[in-house]
Each structure stands twice: as C-alpha cells, then as structure tokens.
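Below: one structure, written as structure tokens.
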Amino acid sequence: MRSPRRSIKVIHVFGSLGRGGAETRTLQLIRAAGGSGHVVSALASSPSDLEKEFVAAGVRIGPRGARRIRYWWDLYKSLRLANCVDSNVSERSGPVLMVAWLAGVPRRLAHFRSEGSAGTGKRTFRSGFLGWLISRFATEFIGVSPGAAEYGSEFCRLPVSCFRVVPTGVDTTGWDAPPEVKLADSIEPGSWPVIAHVGRDDPDKDRERTVRVFARLSKKYPRAQLVLAGRSLRSVEELCRSSGVASPSGIVDLGETSSVLPLLGRVDCLLHTSRREGLPGVVLEAISVGCPVVASDIPGVRYVAAATGAVGGLVDLSATDDDWAETVAALLASSQRRNSEVGANVSAFESSEFSIQAAVRRHRVLWGVHV
C-alpha cells in the first residue's frame, strides 16, 4: 500500500478543548511557532470557546468524541497524514498511540502533564493494560516536570530514565494590555492586600483552603480582597459555606478569563493551594510579572522554585490554615512590590528557560518541526 503524503506536522490530542493548562500552553506554543500544519483533537465531544482561538492561530479542529466508534476511524484517517502525534491525555494515551502506530505515524509522544490525580495510584487491570499500551506504542515519553515524569514512569512501569523532562513556557505577550472590564471592576479602590487564586473549582486546586486562609488574613487586614479566576462550579456563597467560612465579604469570582497576566500584574500575592501539579503554569505566570507567590510544597512547585528562586513561600500540604496565613503575611511584609517594576520582571523572564521562545525551540525538536 502506498504511503500517504504526511502534510500534517502534529496532531495534538487532549481530553477536551476547554481552557485548561495543557490546552492553553499548547495554544501559546503553536501561536509562537506558527500554527500551519497543526491539528487538535479531543476525547470529549463538548465544544469550547478555546476552539475559536485555535482556529484563529491557524490550527485545524480534528475529530472529537472518543465514545463514538466513528471518532477512532476519523482519527486514524487524520493520523495517516501526520508526522507526529502528541498525546496529552496521560493515562488514556494508550489507545491513541496504538491507532497512531497502525496509521504509521513516525513520532508518537506520550505526554504526562500532572503528578496524577486522586485514585490514579491504585493499580488495576485497566490501568496496567493502559500503561502497557503506552510503553508499547509510544516512541518518546515526556514529562513537563520531574514529578510528572516520575508519575508517568510508575504508570507505564518503565525506568524514569526513559522519560525526558520538557517544560512548557509562558507567553508574556499582553501582560500590559488593558484589563478586561470584569477585571477592572473587580478590585475595589483602596483594597490591600489583594490576593489572587487562579484555577478551576476542582478538589485538586483546593479553592476551599484558599477561602479559609483568606478568612484568617482578613482579620489581620480589614481591607483585604480575594479574587478567584477560573471555571466555577459554585457561587461564592456556596463556596464559603462548604469551606466553613461565615461571610463571603471581600471575595470576588471572575470566572474564566482569556489571560490572567493582567490580573497577576495588579495583585499583591498569588495564593496557590493546589494538591497536585505537573508544571504549575500560573506560578510561572506570576513570576513572569513579579507577583509574589505562596504555594503548596509539591514536586511541580518545588521544581519551579529551584529553577527560578522566585517562589516566596512553600507550605506543606499538612500545614494548618493559620500556617498558610502566617506565610502570606510574612511575604507581604517583606515584599514591596511596585507596578513600575513589572516590565523589568517580564524582560528578565523572557530570557529564562520557561520563556515561550525557549519552549518553542524545545518543542520543535520534540515534534520534529524545524521550520
């Protein structure tokens, strides 16, 4: 059978095309590298507003909805035209990579972007089989951080030496853009300190802990404000009730936003209470604009802290809410942030290993794309 002409550079497979870390970072990479020849596919069938941004970047939207048999046939036909498949669905990458092997794709990447989630450490026949599929059909094994690589190696039962650590980057374009109306209206004049929490309303992001820590800080700082950014599943009032906090006073929920850099450039501290991360992109975004950071002492954050020296406070997951609040207060007391320095911070970040330019160079080699 005659080999097809492989006109697609990379097919990127995601769980969904929502505004998550993997999807957003890949969109930034493709924009910076040039979107021609890239296709995105999703195991979920639900549409997303991020699709429009992919299309605007020159990316074609491929098959969606893995529960339909037709999805796998359409994916196979697309893969017949691809030089590389970048599977960003961690444990579920096995079937994708097997279909890519059947389609003759020469570069098949198993991309692990997290340290797992609740329950993924439990070994079952299903997880063992999926891990075997990945180990059998991937040509390269990638972790966005050492922690993600270690989790991938455990899941696939491969030596960690089989994995390459390839961090993504942060695109600082637009850090000085005028804020969205909802952001401009969210910060009350005279508020201090303004604390930000960026992340969807998900147990791994632990918004409830953020709210409890803020409640303790607001006793010390009566004009404190908390700004939440990310997909919300509950109202502020419901979130406070489930967190055991009596009043939602001082808490604003922005919901999803196209860019958090304008927010992080205007607040006094990022409070990052995640229980698990691969490469914590929002911590890198905060560092890029000089926003002080207090974050969970987990492998992904430690990796960023060691590489940048710019995480102001690391707090153990077993610490109390009072411990968190004291760490934030100590950081606020020691950091005198000035908005005039934000541009200098951005310039310094753009020469670091986590800049979008450095990430594009790494991923062009990974994808086998040299132009």
Side-chain angles (χ1 to χ4, degrees), residues 12 19-36 38 50 53-54 56-59 113 142-146 148 164-180 183 196 198-199 229 257-270 272 277-295 300-312 331 335-367 369-371:
H12 308 266
R19 201 175 290 279
E23 297 83 1
T24 301
R25 302 297 161 219
T26 301
L27 175 59
Q28 291 178 348
L29 280 168
I30 293 171
R31 280 174 176 159
S36 175
H38 291 262
L50 201 63
E53 297 184 38
F54 273 112
V59 179
R113 292 180 176 268
I142 312 300
V144 293
S145 67
R164 292 171 57 188
V165 175
V166 183
T168 52
V170 168
D171 188 356
T172 54
T173 304
W175 69 268
D176 55 351
E180 298 176 25
L183 169 57
V198 179
T257 181
S258 59
S259 174
V260 298
L261 287 177
L263 168 64
L264 295 171
R266 289 167 172 80
V267 302
D268 301 294
C269 179
L270 171 71
H272 188 70
E277 288 283 355
L279 184 70
V282 67
V283 172
L284 288 171
E285 287 174 314
I287 292 169
S288 76
V289 294
C291 176
V293 177
V294 172
V301 177
R302 285 199 297 272
Y303 171 55
V304 170
T308 65
V311 176
L331 182 62
S335 63
Q336 296 295 319
R337 190 178 186 199
R338 290 179 289 274
N339 288 337
S340 60
E341 296 177 348
V342 174
N345 281 304
V346 170
S347 296
F349 184 85
E350 287 176 347
S351 63
S352 76
E353 67 174 301
F354 296 112
S355 70
I356 194 65
Q357 293 83 7
V360 165
R361 289 192 293 271
R362 290 191 292 267
H363 282 75
R364 278 180 170 157
V365 173
L366 195 62
W367 297 332
V369 176
H370 304 293
V371 292

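Just so we're clear, the structure is a prediction, and the values are computed from it rather than from any experiment. Numbering starts at 1 and runs along the sequence shown.
Note on Arg361 versus Glu353: no salt bridge recorded, every NZ/NE/NH1/NH2 to OD/OE distance being 4.0 Å or above.
Closest of all the heavy-atom pairs between Cys291 and Cys269 is SG-C, 3.9 Å. The two atoms that bring Val360 and Ala33 nearest to each other are CG1-CB, 3.9 Å, heavy atoms only. When all heavy atoms are compared, the tightest approach of Ala57 to Leu27 is CB-CD1, 4.1 Å. Taking all atoms of both residues into account, the shortest heavy-atom contact from Gly169 to Ala359 is N-CB, 3.4 Å. Shortest non-hydrogen contact noted between Gly278 and Ala148 is CA-CB, 4.5 Å.
Ser259 contributes atom OG, which lies 9.5 Å from atom CZ of Arg19 (distance to the nearest 0.5 angstrom).
Annotation: side chain of Tyr303 is in contact with side chain of Val165 (closest heavy-atom distance under 4.5 Å). Using a 4.5 Å heavy-atom threshold, the side chains of Ser355 and Val170 count as separate. Between Val294 and Val311, every side-chain heavy-atom pair lies at or beyond the 4.5 Å cut-off. Side-chain atoms of Trp367 and Leu29, non-hydrogen and from C-beta on, do get closer than 4.5 Å to each other. Side-chain contact between Thr168 and Leu284 is absent, with no heavy atoms from C-beta onward closer than 4.5 Å. Between Leu279 and Phe354, some side-chain heavy-atom pair lies under the 4.5 Å cut-off. Inter-residue side-chain proximity for Pro292 and Leu270 is flagged as unmet; no heavy-atom pair is nearer than 4.5 Å.
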Please test His12 against Glu23 for side chain to side chain donor-acceptor pair (under 3.5 Å), starting from the C-alpha separation and ending with a verdict.
CA-CA 9 Å; His12 308 266; Glu23 297 83 1; over 6 Å; no
Does Leu331 form a side-chain contact (heavy atoms from CB on, under 4.5 Å) with Val293? I'd like the steps, not just the answer.
CA-CA 8 Å; Leu331 182 62; Val293 177; 5.8 Å; no
Going through the distances and angles, do Thr257 and Leu263 end up as a side-chain contact (heavy atoms from CB on, under 4.5 Å)?
CA-CA 10 Å; Thr257 181; Leu263 168 64; 5.9 Å; no
Could you give me the CA-CA distance, side-chain angles and deciding distance for Arg25 and Glu285, then say whether salt bridge (Lys or Arg N to Asp or Glu O under 4.0 Å) is met?
CA-CA 11 Å; Arg25 302 297 161 219; Glu285 287 174 314; 3.3 Å; yes
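With sequence neighbours left out, Thr172 forms a side-chain hydrogen bond (donor to acceptor under 3.5 Å, both in side chains) with Glu350.
Judged purely by atom type and a 3.5 angstrom limit, Arg362 uses its side chain to pair as donor or acceptor with the backbone of Pro167. For the pair Thr24 (side chain) and Gly21 (backbone), a donor-acceptor distance under 3.5 Å is absent.
Among His363, His38, Arg31, Arg113, the single residue meeting the side chain to side chain contact (heavy atoms under 4.5 Å, CB included) criterion with Thr26 is Arg113.
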